[in-house]
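Predicted model, so just to flag it, every value in this text is computed and none were measured. Sequence lines set the chain letters: A, B, ... in the order given, protein chains first and strands last, and positions in each chain run from 1. Reckoned from all heavy atoms, side chains included, excluding hydrogens, waters and symmetry mates.
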2 protein chains.
Amino acid sequence: MAKQIKIKEIAQLAGVSAGTVDRVLHNRGNVSPEKLEAVEKVLSQVGYKFNLHTSAVSLKRGYRFLFITPQVQPGNYWDAQKDGVRQAMEEYSDIHIEILSREYDQFDHTSCEACFNAALGEEVDGVIIAPTFQTETLSFCRELSRRKIPFLFVDASVEGADNAITFCTDQNACGRIAARLADWHCRSGEKIAVVHSGRKNQQRSTNSIAREQGILSYFRESGRENILLHTTLKQSSEVFAETEEFFRQHGEVRSAIVLNSRGYQVADVLRRAGRKDVCLIGFDLTALNRRCLEEGSIAALLCQRPQSQGFYAVKTLIGILLYGKTDPYQTGLIPIDLVMKENLPYYREVIF
Amino acid sequence: MAKQIKIKEIAQLAGVSAGTVDRVLHNRGNVSPEKLEAVEKVLSQVGYKFNLHTSAVSLKRGYRFLFITPQVQPGNYWDAQKDGVRQAMEEYSDIHIEILSREYDQFDHTSCEACFNAALGEEVDGVIIAPTFQTETLSFCRELSRRKIPFLFVDASVEGADNAITFCTDQNACGRIAARLADWHCRSGEKIAVVHSGRKNQQRSTNSIAREQGILSYFRESGRENILLHTTLKQSSEVFAETEEFFRQHGEVRSAIVLNSRGYQVADVLRRAGRKDVCLIGFDLTALNRRCLEEGSIAALLCQRPQSQGFYAVKTLIGILLYGKTDPYQTGLIPIDLVMKENLPYYREVIF
DNA sequence: CGTATATTTGTGCACGAACACAACAGAAGT
DNA sequence: ACTTCTGTTGTGTTCGTGCACAAATATACG
């Protein structure tokens with residue numbers, strides 16, 4: 001274990017004072033080009049590493065982050081994300097970080113815009129965004145860039161803001177796994193239903209689209225011919241009945257994949273349709289889905305570690321603001337967890 | 001966010017000096033019963049939390065841990081555990097921790113005993129053990145307890161050392177998941193092979209036994225009748241041929257579960273037997289298994305996050321030694337990950 | 001050239017816990 | 001009563017960094 005070099009030593013090597021090194025390290029400016037160069041030269045040679053602990057101790061100023069997501073409801077996906085944020089705050093409880101949670105209606109782009117505008121009125125040091133509406137988010141991010149406020153995404157990335165750090169999962173891969181599992185269940189002649197559960201006229205989320213593409217690519221690549229049946233479960237009780245009818249009539253359906261986190265609704269429909277034999281695959285370990293997994297009405301859930309996303313988003317933002325590091329989590333593709341009844345108990349709040 | 005109380009304030013409240021509070025917090029002794037009581041009373045009321053950062057800064061002494069495992073080989077399971085240990089050391093790079101890796105032959109209990117004896121000759125502050133031999137480990141732990149050296153287990157627990165912290169996965173649940181996946185693949189009349197891969201006369205590991213029990217309990221509970229076929233793959237090429245013959249003859253076998261991390265060997269046997277149709281389920285994301293998953297010769301792997309185990313073992317040991325906390329990770333059951341070709345790329349070295 | 005202003009640079013204190021050490025009290029022994 | 005010993009208690013220094021402030025230097029301008 002090589003001893004870590006300290007700021008004072010660097011100062012000595014560069015022929016400057018510790019204060020100047022500090023200014024260079026934190027991009028505080030007010031450093032003459034010559035000294036800047038001298039310090040940076042030394043830095044590049046010695047491989048300085050911030051001492052997280054002492055930094056935290058002497059840090060005086062506080063930081064305020066915004067965490068912008070669709071509506072948080074107890075036990076839902078965004079609640080889990082928020083829990084990860086909370087855990088990160090706990091880990092950094094002795095440096096002053098305040099995280100303000102802001103929510104928008106994921107079915108209403110004006111509410112999202114309003115949320116973004118309000119955010120621009122606040123004094124914040126960093127923003128974590130769970131994007132839904134591409135164009136609105138993009139213009140918001142552009143304004144943040146202009147103001148030099150760092151931001152990053154969780155849950156999904158945004159096209160056009162490509163170099164932004166994102167913590168999400170590969171939804172296409174999720175789709176392919178779902179397809180594979182559903183396929184395992186099917187004997188010849190049996191079929192797979194792909195269910196879109198959402199409101200009427202609702203714009204489909206990018207995640208949902210990517211998942212479906214993943215499903216299609218699985219069947220394209222594997223050359224299997226389980227013809228896919230599509231059905232849409234609309235968010236009103238009448239159309240629930242319609243989907244119920246669908247499952248009653250299509251006895252050849254052996255597996256069903258629900259493209260969003262509302263698998264529990266389809267589980268309910270299947271129950272009413274008397275189709276307990278259908279193997280149901282859903283997404284996200286929400287409280288409602290969890291119950292279905294326990295009782296067996298959902299066979300498997302593909303999960304994206306929302307806690308980890310929130311947790312590392314905060315951690316990364318801290319890294320950027322306090323230590324100017326952007327590299328370590330650049331890609332940030334979070335593992336995809338496949339949860340079934342048996343391993344369910346071990347996917348808890350705690351981040352392992 | 002309530003402001004954290006500091007040692008000085010506690011001292012004031014208890015009518016003692018900061019030094020005395022420090023002595024109480026760290027069980028350093030030499031505190032009169034009256035003052036001890038006074039301090040503890042205040043402590044119980046205010047809920048003091050160690051400031052990790054300041055502790056780390058002012059910490060002068062170093063700590064030495066032992067990490068005792070079966071042989072580490074590049075890319076194997078223990079290598080992954082060690083990588084988690086390395087990551088923890090990186091996280092705590094500014095407090096002086098030295099971790100010595102010690103290996104024993106997992107097929108030879110005398111080598112394990114020798115390893116333990118050597119360990120007792122060294123000056124260490126804490127020990128992390130990956131247990132294989134129950135009795136040997138137990139007596140080693142008893143000696144460690146006598147010397148008041150904290151220890152904990154990774155990968156598996158040890159019967160009789162029940163209150164010891166363990167980071168492992170529920171192997172029974174692993175077995176049930178494997179059984180469920182294998183079962184999904186089977187149509188009526190088709191069968192599942194359970195493969196024990198190991199040396200001749202080799203004592204079966206507790207993990208392997210627990211997994212098999214999990215498989216059996218799945219079929220007992222589900223009432224399904226896929227008759228299980230057992231075969232043992234011995235570690236010598238002649239018997240490889242024997243197993244190859246087994247798969248050639250039993251065309252009704254549709255899925256196979258390998259009970260340890262040597263799934264890649266069975267994948268090889270299946271290839272030679274011309275049984276690419278058999279759905280192979282294995283354990284642990286080792287380098288060799290990873291390759292099989294990529295090329296499709298293994299369908300799924302059940303993994304136990306070895307990195308996390310090593311990582312949290314170190315983190316916990318630090319917590320115990322430096323801050324006297326034992327509670328937070330007491331149970332420490334790590335999630336079981338189900339890895340297939342599609343989500344494989346996202347299970348990397350980095351702990352998320 | 002002198003003064004005012006802006007920019008650069010160095011110094012010193014604060015942060016909170018760990019721990020060495022000095023100071024002190026009380027008991028025991030002479 | 002005085003010394004010695006033992007156990008208890010408080011004080012002060014230390015760690016490496018952040019940041020305020022003072023000091024020094026450079027630049028602008030009349």
Side-chain angles (χ1 to χ4, degrees), chain A residues 3-40 43 46 48-63 92-97 125 318-319 321-325, chain B residues 3-40 43 46 48-63 92-97 125 318-319 321-325:
Chain A
K3 215 195 80 194
Q4 270 306 314
I5 194 160
K6 280 131 206 164
I7 284 185
K8 267 194 177 174
E9 302 176 52
I10 293 174
Q12 211 158 16
L13 288 170
V16 298
S17 74
T20 304
V21 177
D22 181 69
R23 276 181 282 270
V24 172
L25 284 170
H26 295 277
N27 290 313
R28 284 196 234 283
N30 290 336
V31 178
S32 68
E34 305 89 57
K35 305 235 167 183
L36 180 75
E37 197 195 0
V39 173
E40 280 185 334
L43 280 176
V46 297
Y48 174 72
K49 235 189 83 183
F50 275 91
N51 184 322
L52 184 75
H53 301 303
T54 41
S55 303
V57 170
S58 43
L59 192 69
K60 257 126 205 156
R61 61 161 295 189
Y63 290 89
Y92 290 98
S93 61
D94 25 34
I95 69 181
H96 296 127
I97 297 175
D125 304 292
I318 290 173
L321 283 165
L322 274 68
Y323 311 112
K325 45 178 173 180
Chain B
K3 215 194 80 196
Q4 270 306 314
I5 194 159
K6 279 129 207 166
I7 284 187
K8 267 194 176 174
E9 302 175 51
I10 293 174
Q12 210 159 18
L13 288 169
V16 297
S17 74
T20 304
V21 176
D22 181 70
R23 275 182 283 269
V24 173
L25 283 170
H26 291 91
N27 290 314
R28 284 197 233 280
N30 290 335
V31 178
S32 69
E34 305 90 55
K35 303 235 167 184
L36 179 75
E37 196 194 3
V39 172
E40 281 186 331
L43 280 176
V46 297
Y48 176 72
K49 234 190 82 184
F50 274 90
N51 183 322
L52 183 76
H53 301 302
T54 40
S55 303
V57 170
S58 44
L59 193 69
K60 257 130 208 153
R61 63 162 294 190
Y63 290 89
Y92 290 97
S93 61
D94 25 34
I95 69 182
H96 295 128
I97 298 175
D125 304 291
I318 291 173
L321 282 165
L322 274 69
Y323 311 112
K325 45 177 174 179

Side-chain N,O (Ser32(B)) to OP1/OP2 (dG7(D)) below 4.0 Å: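 False: Ser32(B) side-chain N/O out of range (4.0 Å or more) of dG7(D) OP1/OP2.
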
Could you give the [atom1]-to-[atom2] distance, from [X] to [N], as a whole number of Å?
X: Leu25(B); N: dC19(C); atom1: CG; atom2: P; value: 12 Å
X: Lys49(B); N: dG16(C); atom1: NZ; atom2: P; value: 14 Å
X: Leu52(B); N: dG16(D); atom1: CG; atom2: C1'; value: 15 Å
X: Arg28(B); N: dA17(C); atom1: CZ; atom2: P; value: 13 Å
X: Gln12(B); N: dG16(C); atom1: CD; atom2: P; value: 14 Å
X: Leu36(B); N: dT9(D); atom1: CG; atom2: P; value: 10 Å
X: Ile7(B); N: dG12(D); atom1: CD1; atom2: P; value: 17 Å
X: Leu322(A); N: dT17(D); atom1: CG; atom2: P; value: 14 Å

Choosing from [options], which nucleotide comes nearest the side chain of [X]?
X: Val57(B); options: dT8(D), dG16(C), dG10(C); value: dG16(C)
X: Asn30(B); options: dT8(D), dG10(C), dT14(D); value: dT8(D)
X: Arg61(B); options: dT17(D), dC19(C), dA17(C); value: dC19(C)
X: Lys6(A); options: dG10(C), dA17(C), dT17(D); value: dT17(D)
X: Thr54(A); options: dT7(C), dT17(D), dC19(D); value: dT17(D)
X: Val31(A); options: dT9(C), dA18(C), dC19(D); value: dT9(C)
X: Ser17(A); options: dA18(C), dT9(C), dG18(D); value: dT9(C)
X: Tyr48(B); options: dA18(C), dA17(C), dC15(C); value: dA17(C)
X: Val16(A); options: dG10(C), dG18(D), dT9(C); value: dG10(C)
X: Ser58(A); options: dG16(D), dG16(C), dG10(C); value: dG16(D)

When we call it a touch if two heavy atoms are under 4.0 Å apart, what does [X] touch: a base, just sugar-phosphate, or nothing?
X: Arg23(A); value: base
X: His26(B); value: sugar-phosphate
X: Lys35(A); value: sugar-phosphate

Beyond-backbone contact of Glu40(B) with Val24(B), side-chain heavy atoms, under 4.5 angstrom: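 A side-chain contact exists here, since the closest heavy-atom pair is under 4.5 Å.
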
Full working for side chain to side chain contact (heavy atoms under 4.5 Å, CB included) between Asp94(A) and Thr54(B): CA-CA 9 Å; Asp94(A) 25 34; Thr54(B) 40; over 6 Å; no

First encountered from the 5' end of DNA chain D, between Lys60(B) and Asp22(A):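 Between the two, 5'-proximity favours Lys60(B).
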
The single option from Val46(A), Asp22(A), Val16(A) passing side-chain contact (heavy atoms from CB on, under 4.5 Å) against Ile10(A):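 Single pass found, and it is Val46(A).
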
Atom NZ of Lys8(A): over 12 foreign heavy atoms under 6.0 Å: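 It does not: Lys8(A) NZ has 12 such atoms or fewer within range.
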
Steps toward side chain to side chain contact (heavy atoms under 4.5 Å, CB included) verdict (Leu25(B), Phe50(B)): CA-CA 9 Å; Leu25(B) 283 170; Phe50(B) 274 90; 4.1 Å; yes

Steps toward side chain to side chain contact (heavy atoms under 4.5 Å, CB included) verdict (Val39(B), Val31(B)): CA-CA 10 Å; Val39(B) 172; Val31(B) 178; over 6 Å; no

